[in-house]
2 protein chains.
Amino acid sequence: MTGQAVTAELLAVVVAMVDGRPSVLTLGEPPRLPAGPLLPSHRSLQAATRTWVEEQTGRRLGYLEQLYTFADLDREGVGELRPISVSYLGLTTPGEEPGIGGWQDWYALLPWEDTRTDTCALDAVAPHLRHWASSERALEAERRQRVAITFGLDGHAWQPDLVLQRYELLYESGLVPESPAEWRRPTAELAPGDRMLGDHRRVLATGLARLRAKIGYRPVVFELLSPTFTLRQLQDCVEALAGRAVHTQNFRRLIEQQALVEETGEVDADTGGRPARRYRFRRQVLQERSVAGTKLPTTRSR
Amino acid sequence: MTGQAVTAELLAVVVAMVDGRPSVLTLGEPPRLPAGPLLPSHRSLQAATRTWVEEQTGRRLGYLEQLYTFADLDREGVGELRPISVSYLGLTTPGEEPGIGGWQDWYALLPWEDTRTDTCALDAVAPHLRHWASSERALEAERRQRVAITFGLDGHAWQPDLVLQRYELLYESGLVPESPAEWRRPTAELAPGDRMLGDHRRVLATGLARLRAKIGYRPVVFELLSPTFTLRQLQDCVEALAGRAVHTQNFRRLIEQQALVEETGEVDADTGGRPARRYRFRRQVLQERSVAGTKLPTTRSR
DNA sequence: TTGCCTTATGCTACATCTGAGCAAAAGGCA
DNA sequence: TGCCTTTTGCTCAGATGTAGCATAAGGCAA
């Protein structure tokens, strides 16, 4: 029994810190993720992804992990072959060379994911979410709870790695332009944030969710930093990824007691205050213990 | 630009507890995972997986999540189309109906993953692993450390969810029959355990790794239990999955303080000792808090 | 019936981890 | 010199986790 012929497409969510902001590599307008079909010459899916990103953006990738495989009927196909999209998450540093394509601030694409400041991008849509929750009698209780948990309302804690769930809820409630026409609301009621081609924003959300979850149990942050850095830069990076602030002293304690970094001996005087020591990542820990990430000291009170 | 035509195949790792042993649903001899191609009639990859498992084994699946997508060149293809395999992890209960195919004890397939008893299936191959580690001068230090960490030797802690890494290391060191001929050892030196068709044992290892990781942060164990159960049954199930023993009293406390279960009022007298209360899973917690799994109270001393 | 076996269940002592905050160090700058 | 900044060191209480003791409640054999 041989199956339907399909084409396999690779999609890459490539993340880097650009000017202190977590950003994703995109092409064109509306922005789209680097992508390309699997060709006979490609040894593996991962190799194919590297090849396409390099070819389309002129950048070499370091860290790369598989995210998810999509093949829903509603994805737009090329010709008659059903497209299967295998998505990957890549981490890199912006580097010197301009390359092709641009770095797009991911909080411009998913503004509600940034909770570091008090001005929450959600305030505008929160009433619409509540309205959606109560629009169907039978589902009201369930929907209310789902909204509250997913967006951290009504006393529920904000959970940073529910990125995908939040996007999907906005999609279902017609608050993003990607939502199917029958669910959509007047433009004035849309959630803020730039859209991307097709369902690429959904794939981005998948990547962001994975990344946020992963920094908690694997030392992947360092893939995004320059070889040496101050603890403040490390903290800024983690905060930017997690989209929330952490307790500085406790963060430092966690990093140090896990022996994730070692001093270089240099100091960085451009801090505006007391100069900061520079550190480098102890690559050996990748071997020493396969576990241990950058744990986030959370805040009990919100 | 349109890509190479490929076929998409679905592969299912379906897990259930059968007679107290975690088992995987297989077909034929050598055992193989339920699998089938993606057809035009399938709405999604997940739906296709359900359909094939049901068609081939007569069993309906409950919980189902995507595992990983494989497309390496060395996977055997049907005809000229390159096969892409999307694997899924399913959880179920064995049920009454016989169905087609059989439940294979997964520790018969991957014996070294069971560390509940003192007789470790690894003892036999450990010397061969050390020999492999020291067989190449240049890589010796690195390999030694990798072996020690992956298999919890030389003072390193055994890490339950390194299932895939362990299989891959055995594969690379030629200690499983699936290893390429040029790496293989005399049959006498092979690691114990029944093999499966092709690379299915590797896919199984991927599933087991995911499952072990997941029981720690999502309440998925309950998918494998009957509707009501005693705390001992729950603990046995968790221990069987994790492949290691836990501290009974602390396990109970964790379960209770997380309010994962509620008493049914019944008691089970077939315990051999004091009768045990029966509990049921509070399905509501799936909504209440999206987090919270079955945390494992570990043992510091080994 | 009694005593001993088993497993279930309750509870305590102790170590470690975590969240929160105080305070000193060390630079720049008015 | 005094005040601003950021970095760094440290304390302290509450939460969480580990380990083990003790009791409850059944079956079973002497």
Side-chain angles (χ1 to χ4, degrees), chain A residues 20 157-158 160 215-217 228-239 242 244-279 289 291-302, chain B residues 20 116 157-158 160 215-217 228-239 242 244-280 289 291-302:
Chain A
W158 171 267
I215 53 173
Y217 62 96
T228 77
F229 46 85
T230 66
L231 290 182
R232 164 54 57 181
Q233 287 169 333
L234 175 59
Q235 182 181 345
D236 284 342
C237 183
V238 168
E239 286 185 338
R244 66 157 202 235
V246 305
H247 182 113
T248 306
Q249 298 95 314
N250 291 343
F251 176 77
R252 298 168 54 91
R253 181 176 58 186
L254 276 176
I255 297 297
E256 278 165 11
Q257 82 185 17
Q258 291 183 108
L260 287 174
V261 299
E262 61 192 2
E263 293 187 32
T264 65
E266 313 154 61
V267 290
D268 187 341
D270 294 343
T271 56
R274 172 172 171 172
R277 302 186 189 158
R278 296 192 75 83
Y279 292 81
R289 305 155 293 171
V291 277
T294 311
K295 288 184 193 149
L296 307 182
T298 56
T299 305
R300 208 175 294 277
S301 59
R302 278 189 53 86
Chain B
R116 284 173 296 175
W158 172 267
I215 53 174
Y217 62 96
T228 76
F229 46 84
T230 66
L231 290 183
R232 164 55 57 182
Q233 287 169 333
L234 174 58
Q235 182 181 344
D236 283 341
C237 184
V238 169
E239 286 185 337
R244 66 156 205 235
V246 305
H247 181 114
T248 305
Q249 298 95 314
N250 292 341
F251 176 78
R252 299 167 54 89
R253 183 178 56 185
L254 274 177
I255 298 296
E256 278 164 10
Q257 82 185 18
Q258 292 182 104
L260 287 174
V261 298
E262 63 192 0
E263 292 188 33
T264 65
E266 315 153 61
V267 290
D268 187 341
D270 294 342
T271 57
R274 171 173 172 174
R277 302 185 190 158
R278 296 193 74 84
Y279 293 82
R280 76 169 66 87
R289 304 155 294 169
V291 277
T294 312
K295 288 185 195 150
L296 306 181
T298 56
T299 305
R300 206 177 294 279
S301 58
R302 282 187 50 88

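When reading the values below, keep in mind they use all heavy atoms of this one structure, side chains included, and skip hydrogens, waters and symmetry mates. Per chain, numbering begins at 1; letters A, B, ... match sequence-line order. Everything numeric here is computed off the predicted structure, so don't read it as measured data.
Along DNA chain D, the nucleotide nearest to B:G272 and the one nearest to A:R278 differ in position, and the one closer to the 5' end is contacted by A:R278. Comparing B:R253 and A:A269 by the nucleotide of DNA chain C that holds the closest heavy atom to each, the one mapping nearer the 5' end is B:R253.
When rounded to the nearest whole Å, the span between NE2 of A:H247 and C1' of D:dT11 equals 12 Å. If you measure from atom CD of B:Q258 to atom P of D:dA15, you get 17 Å, rounded to the nearest angstrom. At whole-Å resolution of the value, CG in B:D270 and P in C:dA8 are 12 Å apart. Across the protein-nucleic acid pair, B:Q257 atom CD and D:dT18 atom C1' stand 13 Å apart, rounded to whole Å. The interatomic distance linking B:Y279 (OH) with C:dT9 (P) rounds to 5 Å, in whole Å. If you measure from atom CD of B:Q249 to atom P of D:dT18, you get 13 Å, rounded to the nearest angstrom. Computed from coordinates, the B:E256 CD to C:dC11 C1' distance equals 12 Å when rounded to whole Å. Taking atom CZ of A:F251 as the reference point, atom P of C:dA20 lies 16 Å away to the nearest angstrom.
Neither OP1 nor OP2 of C:dT9 sits under 4.0 Å from any side-chain N or O of B:R274. Applying the 4.0 Å criterion to OP1 and OP2 of D:dT8, one finds that A:R252 has a side-chain N or O inside that range.
Counting only heavy atoms from C-beta outward, the side chains of B:R232 and B:T248 approach each other to under 4.5 Å. The shortest distance between side-chain heavy atoms of A:Q235 and A:V238 does not fall below 4.5 Å.
The only option from B:V261, B:D268, B:D236 that meets the side-chain contact (heavy atoms from CB on, under 4.5 Å) definition with B:F229 turns out to be B:V261.
Residue-level contact check: A:A276 touches the backbone only, with heavy atoms under 4.0 Å from sugar-phosphate atoms and none from bases.
Without hydrogens or angle criteria, B:T264 side chain to B:R280 main chain gives no donor-acceptor distance under 3.5 Å.
Nearest heavy-atom pair, B:R244 versus B:P160, reported as atom, atom and distance to 0.1 Å: NH1-CG, 3.3 Å.
No donor-acceptor contact under 3.5 Å links the side chain of B:N250 to the base of D:dG17.
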